[in-house]
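First the structure, in the form of structure tokens, and then the observations on it.
So you know, we letter chains A, B, ... as the sequences are listed, proteins then strands, and number each from 1.
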Number of protein chains: 2
Amino acid sequence: MTNIHDIAKLAGVSVSTVSRVLNNYKYVSEEKRLKVKQIIKELNYTPNNNAIDLIRGETKRIGVIIPYNNNQAFDQMLHGILNKSSELDFSVTVLPSKYNKKRELEYLAMLKSKQLDALIITSKANHWDKIIPFTQYGTIISCEYTEREEIGCAYVDRFASYLEVFQMLKQKGHQRIAFTTARGNESISTKQTINAYQNVIGEMYQKFHIGNCFCLEDGYKAAEILLNQKNRPTAIYANGDEVAGGIFQYCQYNKLQIPEEVAIVGQENQPIGEVLGITTVNHRLSALGAQAFELAVNRTLDKIEIPYEIIQRSST
Amino acid sequence: MTNIHDIAKLAGVSVSTVSRVLNNYKYVSEEKRLKVKQIIKELNYTPNNNAIDLIRGETKRIGVIIPYNNNQAFDQMLHGILNKSSELDFSVTVLPSKYNKKRELEYLAMLKSKQLDALIITSKANHWDKIIPFTQYGTIISCEYTEREEIGCAYVDRFASYLEVFQMLKQKGHQRIAFTTARGNESISTKQTINAYQNVIGEMYQKFHIGNCFCLEDGYKAAEILLNQKNRPTAIYANGDEVAGGIFQYCQYNKLQIPEEVAIVGQENQPIGEVLGITTVNHRLSALGAQAFELAVNRTLDKIEIPYEIIQRSST
DNA sequence: ATGAAAGCGCTAACAT
DNA sequence: ATGTTAGCGCTTTCAT
């Protein structure tokens with residue numbers, strides 16, 4: 001492997017001069033600059049980035065913790081992040097956590113071991129108290145709101161969006177409203193959904209909440225359970241358009257009129273929802289990811305809210 | 001920043017002993033090992049990975065070049081890769097190319113500058129001749145078949161799958177078959193599709209080929225163009241289930257019976273296709289990605305074929 | 001404008 | 001079993 005010393009020797013200059021040429025410093029005579037460039041080209045030399053990272057103490061690399069890597073919501077965030085990374089000169093390393101606390105901490109430790117300049121947490125398993133200490137080693141940006149001032153965040157006011165959906169449904173005359181969520185009660189968004197439900201509808205009715213819904217099939221099964229109850233719900237708020245699609249499919253298969261017999265609302269404005277005419281809440285997760293990435297690159301700890309929008313379609 | 005020397009000094013040993021403890025070497029007395037570990041804990045010390053990467057000459061990091069980061073097909077490959085990366089102890093850096101040749105070469109140069117141990121190319125813009133030279137700096141794995149023996153690949157026999165679809169359609173009595181593709185004629189899969197078409201149907205009829213189709217909306221527009229011709233096609237082979245979904249939507253909106261008036265075939269077995277009952281070709285892109293990742297990690301240049309499957313549904 | 005030299009933080013060959 | 005030391009390949013003072 002040819003290195004900076006080889007170049008220096010062959011160009012008849014010192015390593016510092018080569019380094020200056022490499023980094024476009026001024027104060028190098030045009031003559032030597034040209035000579036060095038020529039040798040570099042001849043030897044097809046490229047500097048070793050690990051040495052540069054070591055000495056500079058930064059890598060221009062940003063990590064993104066993603067719990068599931070086949071989930072629409074996190075995919076959207078990742079898309080936003082990746083788009084932004086093309087513009088800025090940073091590369092992104094994707095870190096799948098599956099909400100494993102230990103693994104998540106290992107990823108955080110990558111800040112400490114200088115492998116990452118910053119870390120974007122799309123969703124976390126550990127408590128903030130476990131995470132905050134790592135902010136001394138690099139910027140940490142969250143895609144969920146937190147008051148902790150050591151953490152920057154790009155977030156959407158999910159509680160407000162949940163509230164609005166339940167209110168909209170109630171206004172349309174629905175009294176028995178069910179909903180699905182991804183993780184169980186340990187997740188913030190599940191808590192917020194339940195909270196919003198109680199706020200608008202009142203007492204929580206356990207049989208109208210199905211957890212662990214991620215994909216189409218989960219939605220289908222959820223619908224099966226929900227709609228086979230004696231006093232079945234007249235509206236279902238799904239935690240994603242794919243899940244909503246599964247519910248839609250179940251209704252279609254069982255000849256349940258939408259929205260007359262069952263109204264459906266999804267989330268994230270996916271093509272599947274568009275094609276089925278499912279009312280949805282667009283949380284603009286791609287824009288959120290892009291914003292998070294900008295915060296990470298600029299090492300800014302601002303709290304930036306991304307506005308959501310409800311898209312009315314024929315399913316409500 | 002505390003480093004290995006600090007630990008050595010405080011533990012009353014040499015740096016090599018600390019290094020040995022760090023790397024779980026034998027031949028360290030239990031006494032010193034304990035002492036070192038204690039000091040490490042006390043100082044909350046973590047080795048600087050850049051120094052390790054520099055000296056070892058490898059990073060345990062694999063790059064993945066992805067042309068579009070909001071495309072079902074590439075998303076699936078990425079999912080497969082990411083899943084595999086959780087098992088193996090490698091991290092993955094995602095490199096969005098948008099088929100920009102210069103950018104793609106910059107990514108390849110990351111092998112040379114030691115930022116990456118290996119590179120997975122899901123789809124490329126440059127000619128192999130431009131890419132091959134970089135194989136001397138690291139393993140390069142392609143997700144498309146190539147005869148070049150310097151390149152390992154995990155691939156699906158797309159030509160065979162295209163052939164089979166056209167044959168299946170022909171057998172069902174279709175004579176006017178149209179199809180959509182992503183990129184134009186510069187892409188391999190477009191060429192293969194056309195090739196298969198000619199092989200089964202005969203002379204290529206330009207008006208039955210719509211390029212630049214990526215999403216639902218593109219499919220809708222393609223259907224609009226295709227189905228408004230005097231001698232319109234009776235079957236459309238879409239280059240993805242989302243595009244197929246757009247075609248489906250157009251047909252539904254315009255009261256065209258599926259499959260009686262228009263048969264539709266998609267690709268990649270996405271939820272949207274499942275819910276709409278669209279016949280599809282599952283190219284098992286996720287498995288393909290996982291396989292590519294394994295090849296990359298093991299620095300193996302094998303050519304491994306992933307079998308595809310055709311899933312018959314009500315749209316044909 | 002240019003070069004010498006001191007690191008950056010670590011591993012590993014060599015010696016003991 | 002442990003320590004000494006020479007790098008890995010680069011940047012950056014500090015002289016000149």
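No donor-acceptor pair under 3.5 Å is formed between the side chain of B/Arg158 and the backbone N or O of B/Ile188. For A/Gln76 (side chain) and A/Glu268 (main-chain N/O), a donor-acceptor pair under 3.5 Å exists by modelled atom type. Remark: side-chain polar atoms of B/Lys60 are not paired, donor with acceptor, to backbone N or O of B/Ser91 under 3.5 angstrom. The main-chain N or O of B/Thr59 is found under 3.5 Å from a side-chain atom of B/Asp117 such that the two form a donor-acceptor pair.
Residue whose closest nucleotide on DNA chain D sits further toward the 5' end, between A/Arg56 and B/His5: B/His5.
Listed pair A/Asn3 / D/dG9 meets the phosphate criterion, a side-chain N or O lying under 4.0 Å from OP1 or OP2. Proximity of B/Tyr45 to the phosphate of C/dC10: a side-chain N or O atom is located under 4.0 Å from OP1 or OP2. Residue A/Lys35 places none of its side-chain N or O atoms closer than 4.0 Å to OP1 or OP2 of C/dT2. Residue A/Ser14 places none of its side-chain N or O atoms closer than 4.0 Å to OP1 or OP2 of C/dT2. In this model, the phosphate group of D/dG3 is approached by a side-chain N or O of B/Lys32 to a distance below 4.0 Å at OP1 or OP2. Between A/Ser19 and D/dT11 there is a side-chain polar atom (N or O) within less than 4.0 angstrom of OP1 or OP2. Considering only side-chain N and O atoms, A/Lys26 lies nowhere under 4.0 angstrom from the phosphate OP1 or OP2 of C/dA1.
Atoms OH (A/Tyr25) and P (C/dG3) sit 16 Å apart, rounded to a whole Å. At whole-Å resolution of the value, NZ in A/Lys112 and P in C/dG9 are 14 Å apart. Between B/Asn50 atom CG and C/dC10 atom P there is a gap of 10 Å when expressed in whole angstrom units. Nucleotide D/dT12 holds its P atom 12 Å from the CG atom of A/Leu54, rounded to whole Å. When the C1' atom of D/dT12 is taken as reference, atom CG of A/Asn23 falls 11 Å away, rounded to whole Å.
Contact annotation for A/Ser16: base contact, defined as any heavy-atom pair under 4.0 Å involving a base atom. Nucleic acid contact for A/Val15: base, since at least one base atom lies under 4.0 Å from a heavy atom of the residue. Counting non-hydrogen atoms under 4.0 angstrom, A/Ile55 reaches a base of the nucleic acid.
In summary, B/Glu104 and B/Lys124 do not engage in a salt bridge, as defined by a charged side-chain N under 4.0 Å from a carboxylate O.
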